[in-house]
Amino acid sequence: MRFVDEYRSPDIARGLAAEIAELAGDGHHKIMEICGGHTHAIYRHGIPDYLPDNVELVHGPGCPVCVVPAGRIDDAIAIAFEPGVILTTFGDLMRVPGGQGSFLDANSRGADIRMVYSPLDALKVARRNPDRRVVFAAIGFETTAPATAATVLRAAAEGIDNFSVLSNHVLVGPAIQAILDAPGQDLDGFLGPGHVSTVIGASAYEFVARDHGKPLVVSGFEPLDVLQAIAWLLRQRQEGRAEVTNQYTRVVPWEGNRAALRAIDATMEPRATFEWRGLGEIPWSALALREEYAAFDAERHFTLPGRRVADHRACQCAEVLTGRLKPWQCAVFGTVCTPENPIGTCMVSSEGACAAYYHYGRLQLGRDAHAAPVPSP
Amino acid sequence: MCLGIPGRIVAIEDPEIGLATADVGGVRRKVSIQLLQEEPGGGPGIDDWVLIHVGFALAQIDEQEAAETFRRLEAIGDPYREELDELASSDIE
Ligand code: SF4
């Protein structure tokens with residue numbers, strides 16, 4: 001499984017497909033992938049076409065933009081309208097609908113919300129604008145949290161006093177925990193996320209096997225990676241084992257990135273609870289700045305409205321994010337809700353399950369007899 | 001933002017704060033390698049490949065993996081191009 005040619009080799013894919021079919025036997029296997037990158041790969045390469053009918057893939061809450069609650073968007077916009085504020089954020093967040101519109105809508109009403117590539121770019125905006133208050137609306141799992149953490153450390157070292165962070169960082173482990181604890185949960189195994197695991201390490205998922213008896217295989221993003229990881233999951237099931245294994249060793253270390261974890265731990269601590277769009281309140285599932293870095297915490301500088309906004313009535317992101325519903329089964333999928341005009345966040349982010357399916361779903365249509373017709377984009 | 005983009009280190013600008021210049025698909029931008037400097041081998045040097053997330057190199061990879069990742073990202077299309085545009089606008093120090 002190491003060389004480009006092999007990855008592209010249809011023979012290897014067919015071999016893995018045959019292996020999967022044999023390992024699957026007569027049982028039903030429901031496997032959740034938790035990473036937006038995997039959702040993308042699965043749809044793009046038509047992975048389900050290689051799987052027997054009794055191996056079912058469902059999507060988890062692997063896209064941090066998809067789970068940010070509308071109320072947090074409103075909070076950020078409220079900050080943006082405070083005097084002298086420049087709000088900075090990643091491009092992914094600009095179109096996410098809050099209760100009162102998106103960041104783009106706020107800009108058209110006079111707010112100064114700027115897109116940055118890196119939190120270090122946000123820090124630079126602060127350096128260049130000493131008379132303004134520059135806030136970075138941070139988002140992401142442990143993939144981006146180290147960047148925010150390192151930036152806060154840098155701001156502290158340089159004594160920059162007009163920079164703060166509105167942290168919406170969320171944690172992968174507690175999200176998986178919440179899904180495992182949900183009533184009626186019937187998952188048989190997990191494809192472990194890719195890049196976030198470079199930070200937290202494959203070992204971070206051991207609780208899934210130990211406490212819940214479910215196998216988890218950290219997987220790469222190539223189609224053959226995903227097929228191989230599925231085969232490993234099924235082999236564990238066939239042999240009655242539940243372990244955490246790492247298929248993506250060429251990028252993901254077992255223990256994670258120590259410097260990154262230490263930067264997070266130095267500057268941030270888990271919140272007792274945080275709201276996830278679609279999943280509700282999840283204990284200890286997000287990061288806030290520590291007391292020692294209060295000077296850089298936008299939540300302590302500004303009064304946030306903190307209003308909870310109910311999700312759009314028609315939106316079934318909650319069901320999609322927990323694997324209970326396939327995107328195309330949502331009543332407004334592709335009609336009222338499209339990437340150009342998203343109703344739910346699963347359609348906003350390209351890594352959301354609804355958007356991924358919208359872009360690639362037609363590839364799969366022949367197969368899913370129960371799929372609703374997908375309108376052409 | 002969730003897309004890790006491969007870059008090849010072409011210069012170490014400031015070893016003290018871990019600032020380097022990376023070539024990312026032909027675009028040269030400053031990135032932080034500070035989070036890799038503790039890894040065995042002392043972190044990436046000139047010509048090494050790294051996976052970059054929002055301006056920070058988070059993992060060292062080999063050339064093969066970098067090529068694979070590029071190919072996959074290009075296939076993703078627009079979101080990848082947007083990410084590259086954002087990276088091109090980045091100017092960290
Ligand atoms: S199709 Fe749109 S409204 Fe329906 S679940 Fe997906 S994002 Fe929500």
Side-chain angles (χ1 to χ4, degrees), chain A residues 2-4 7-8 35-37 40-41 44-45 62-65 90-93 115-121 123-124 127 139-141 143-144 146-151 153-154 157 193-196 198-199 220-223 250-253 257-263 349-351 355 359, chain B residues 1-6 16-19 24 27 29-40 43 49-93:
Chain A
R2 197 60 201 84
F3 301 108
V4 179
Y7 281 127
R8 289 176 172 165
C35 170
H40 232 278
R44 193 182 145 70
H45 297 285
C63 160
V65 173
F90 296 141
D92 306 62
L93 217 50
M115 222 155 80
V116 290
Y117 170 68
S118 169
L120 286 175
D121 286 313
L123 188 62
K124 182 170 177 175
R127 273 193 214 105
I139 184 159
F141 286 109
T143 337
T144 54
T148 302
T151 302
L153 290 170
R154 183 82 183 273
H195 288 163
V196 70
T198 60
V199 173
F221 296 100
E222 294 298 323
R250 54 191 202 276
V251 175
V252 172
N257 179 317
R258 267 167 307 150
L261 291 172
R262 209 180 44 239
S349 164
S350 59
E351 273 155 46
H359 286 299
Chain B
M1 163 194 104
C2 287
L3 297 175
I5 304 185
E16 207 48 32
I17 58 166
L19 200 63
V24 184
V27 182
R29 282 291 169 268
K30 295 219 183 62
V31 297
S32 171
I33 54 167
Q34 70 176 100
L35 297 174
L36 289 178
Q37 283 175 316
E38 266 179 42
E39 297 296 302
W49 287 89
V50 291
L51 260 189
I52 303 164
H53 285 270
V54 300
F56 285 78
L58 281 185
Q60 206 168 319
I61 55 177
D62 64 22
E63 192 170 356
Q64 187 89 49
E65 181 67 23
E68 279 296 294
T69 307
F70 270 127
R71 194 176 54 72
R72 198 176 59 239
L73 289 172
E74 261 145 34
I76 289 177
D78 287 346
Y80 170 57
R81 273 184 291 275
E82 280 162 27
E83 184 90 3
L84 271 192
D85 287 349
E86 285 164 29
L87 177 103
S89 73
S90 167
D91 186 19
I92 64 179
E93 49 191 23

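To find a chain, count down the sequence lines: A is the first, B the second, and so on, and within it residues start at 1.
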Rounded at 0.5 Å granularity, tell me how far [atom1] in [X] sits from [atom2] in [Y].
X	Y	atom1	atom2	answer
A:His195	B:Leu58	NE2	CG	9.5 Å
B:Ile92	A:Thr151	CD1	OG1	8.5 Å
A:Glu222	B:Thr69	CD	OG1	7.0 Å
A:Thr198	B:Gln60	OG1	CD	12.5 Å
B:Glu38	A:Arg258	CD	CZ	6.0 Å
A:Asp121	B:Arg29	CG	CZ	9.5 Å

NZ/NE/NH1/NH2 to OD/OE distance under 4.0 Å, A:Arg250 and B:Glu68 | no

With sequence neighbours left out, what residues match A:Tyr117 under ring-ring contact (aromatic ring centres under 6.0 Å, His included)?
-> none

Under 3.5 Å, is there a donor-acceptor pair between the side chain of A:Asn257 and the main chain of B:Ala59?
-> no

For the side chain of A:Lys124 and the backbone of B:Asp91, is there at least one donor-acceptor N/O pair under 3.5 Å apart?
-> yes

Between B:Leu36, B:Leu51, B:Leu87, which shows the greatest number of heavy-atom pairs under 4.5 Å with chain A?
-> B:Leu87

Against chain A, work out which of B:Lys30, B:Gln34, B:Glu93 has the most heavy-atom pairs shorter than 4.5 Å and name it.
-> B:Glu93

Do you know which of A:Ala150, A:Gly37, A:Ala157 has the most heavy-atom pairs with chain B at a distance under 4.5 angstrom?
-> A:Ala150

Please name the pair of heavy atoms, one in B:Leu35 and one in A:Pro146, separated by the smallest distance, quoted to 0.1 Å.
-> CD1-CB, 3.7 Å

With a 4.5 Å heavy-atom cut-off, do A:Leu120 and B:Ser32 have their side chains touching?
-> yes

Going by heavy atoms in the side chains, are B:Phe56 and A:Thr148 under 4.5 Å from each other?
-> no

By side-chain contact (heavy atoms from CB on, under 4.5 Å), which residues pair with A:Leu261, not counting sequence neighbours?
-> A:Val199, A:Ile200

